[in-house]
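So you know, we letter chains A, B, ... as the sequences are listed, proteins then strands, and number each from 1. From a predicted model like this one, the values you see are computed outputs, not experimental measurements.
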There are 2 protein chains.
Amino acid sequence: MKSFNRLSKRQQHMMRFMHAYTQKQGFPPSIREIGEECDIGSTSVVNYNLNKLVDAGYIVRSGKVSRGLRIVGPIPGVTTGRRVIGAVGPHRVALVGRIAAGEPISLPEDIGHHIEEDDYITVPPNLLGSYDASEAFALTVRGDSMIDAMIKDGDIVILRRQNTAENGEMVAAWLPEDNETTLKHFYHEGDGVRLQPANRDYEPIYVHPANCEIKGKVLSVMRSFH
Amino acid sequence: MKSFNRLSKRQQHMMRFMHAYTQKQGFPPSIREIGEECDIGSTSVVNYNLNKLVDAGYIVRSGKVSRGLRIVGPIPGVTTGRRVIGAVGPHRVALVGRIAAGEPISLPEDIGHHIEEDDYITVPPNLLGSYDASEAFALTVRGDSMIDAMIKDGDIVILRRQNTAENGEMVAAWLPEDNETTLKHFYHEGDGVRLQPANRDYEPIYVHPANCEIKGKVLSVMRSFH
DNA sequence: ATTATACACGAACATTTGTTTTTGCGTCAA
DNA sequence: TTGACGCAAAAACAAATGTTCGTGTATAAT
C-alpha cells in the first residue's frame, strides 16, 4: 500500500478542477476537459492520474461511462484548509464570542471589538429578516437556560444590535455591575427589568435598568448536528 | 410562455429517475439510460422530452456534452418549490420544499404555485459539516413531531442526500406507498424500519424497508424568529 | 375535412469520450 | 552498468452518446 495524502501538484490541480467544475456544471468533467485545464497533453496521462486518485481514495470512477467519476475525498486547498475560499460576500456577520444562556458568564471583550477575519460567518438572508448584515452579529450559546425556547448549548444565535427591547423579546443583555452578558427573555417589570430564562430550573434575574444594557435582540438561531 | 406545471407521466418518470440516478451515481444519466429506465425505445423521444423539461424550467442542458444535464426544478413526488435557473454558487443549497414532522402529509405533485422565498439558500459552512453544498438540500419543517429534538414548525433543516441511514439519525423518509415524506428518527427494527417522532403525542411508524426510501439525513437546522 | 400540434418511433450520423498500446525520460537501487 | 518503477506523451481504437431527419399517430381546433 502506498502513502496516502501524497498528491502531486498536478493531482491537486485535478482535484480542485473536478470539484469546481462539478459545482458549476452539475456533472463531472471529461478526461479531455481535465487535461486541457491542467495542461496535460494526453488523455492517457489524465487517465493515469485519475486512477492514482482512485487508489488514494479521493475519487470513485465508474468504468466506461463518460464523466463517470465522483469526488469522495477532501479537495486540497478547499476542504482541507480551515480557510474557505469564496467566503467574501454579502450576508456576513461577525461571530463575536459566546454568551451564557445559563448562569451569566463574563464576556472578555465588548461586543463588536477585536474581530478576526475568520470570525465571520455567512448567514442566509432569511435569518436576517429585514435587517442588514452590518447591523447583525452572532454568538455561540453556552448553557441550557433557554432550552424551553428551543435554544440549546452550542447553538449560534444571530442578533441585531440595539439598545432597547420590547416585552417578550429574546435579548443579549450586559450586566455592567457584574461584567456579565446573558441571553434571556426581556420584560419590563414596574421600575425594573426581569430577565427571564426559558427553563424551569433557572430563576429569573431582576435588575435595575441602569444595570442592564441591552446589546441586541435575537433574530434567529442555527444548529449543527455532529 | 407555456404552462410549465403539467408534466406527462413519462416526463415525471424521467425527472424522478434523473434525480435518483444523479443522487446515486454522482453524475447524470445518459439519454439511453433514461430511455431504458422509462421504457422509451428511441433516443430521440428522450431528447424530445428532455427539451420539454428544459422549456418547462425543470432542467438545464449543456449542449453536445454527454450527460450534460442538471436538475434545477422540483422533482414530482419528491419535492416542491419554484424553479430557478442557474442559481448556483458556494455554500448554496436547494430549498426544495416542505416536509412533515407531524402526521405525514403528501406533497402535491403539481407545482409552480408556491411563492416561497428563493429556491436556493445560502448556508454557513459550519452547517454543512464535512459535506459539500452540492450534496445538501434544505426543507421547511411542517408539524411539531420533532419538538423534543428541538425542531419546530417553520424551521429549515439542512440535509445531506443519501439513501441509507444509521440508527438514531434524523432522516427525511419518503413512503412511496403513501406518497408521503416525513421527518423522523431512523431505527432498524428486526426486518422492518421504525420511524420515531420526537414527541410523546405522536406514535412511531413501522414500515417495511421496501416502503421506506431515505432521502437524506439531517445535518443542521436554522430558525428565524418573526 | 383540414390544419395544427403534441408526442412517438427508428435509423443513421457525427462527436465525444474512455481505453489501450507504444514509446520515452527520469530516478533510485542492486 | 542494469533493471525496476513512477510518470508522461502521442496516436489509434472502440464504445458511448448527443443530434438530426423522415415518418407515423393520435387529438383538438377551425
Among the nucleotides C/dT19, D/dT19, C/dT17, whichever has the atom closest to the side chain of A/Ser30 is C/dT17

Ignoring backbone atoms, establish whether A/Arg61 has a side-chain N or O less than 4.0 Å from OP1 or OP2 of C/dT17. no

**Message:** I want to check something: taking the side chain as every heavy atom from C-beta on, are A/Ile40 and A/Arg10 in contact at a cut-off of under 4.5 Å?
**Reply:** yes

Taken in chain and number order and not counting sequence neighbours, the residues that satisfy salt bridge (charged side-chain N to carboxylate O under 4.0 Å, His left out) with B/Glu189 are B/Arg194

Of D/dT19, C/dA11, C/dT19, the nucleotide closest to the side chain of A/Lys64 is C/dT19

With the side chain defined as heavy atoms from C-beta on, B/Val65 is closest, among D/dC7, C/dT17, C/dA8, to C/dT17

Against the side chain of B/Arg32, the closest entry in D/dT19, C/dC7, D/dG18 is D/dG18

- prompt: Using a cut-off of 4.0 Å on non-hydrogen atoms, how would the nucleic acid contact of B/Ser66 be classed: base, sugar-phosphate, or nothing?
  reply: sugar-phosphate

task = Kindly say if A/Tyr48 contacts the phosphate of D/dA8, meaning a side-chain N or O under 4.0 Å from OP1 or OP2.
result = no

DNA chain C nearest-nucleotide lookup for A/Ile31 and B/Ile40: closer to the 5′ end is B/Ile40

Notebook entry, point to check: Looking at side-chain heavy atoms only, is the closest gap between B/Met146 and B/Val141 below 4.5 Å?
Noted result: no

Judged by nearest nucleotide, the residue sitting upstream toward the 5' end of DNA chain D, A/Asp39 or B/Arg67, is A/Asp39

Side-chain contact check for B/Val45: nearest option of C/dT17, D/dG18, C/dC9 is C/dC9

Winner on side-chain proximity to B/Arg10, out of C/dT19, C/dC9, D/dC7, is C/dC9

Winner on side-chain proximity to B/Thr43, out of D/dT19, D/dA9, D/dG6, is D/dT19

Exercise for review: Answer with yes or no whether A/Ser44 presents, from its side chain, a donor or acceptor under 3.5 Å of a partner atom in the base of D/dA10.
Suggested key: yes

- Within-4.5 Å side-chain heavy-atom neighbours: A/Leu127 and B/Met222: yes

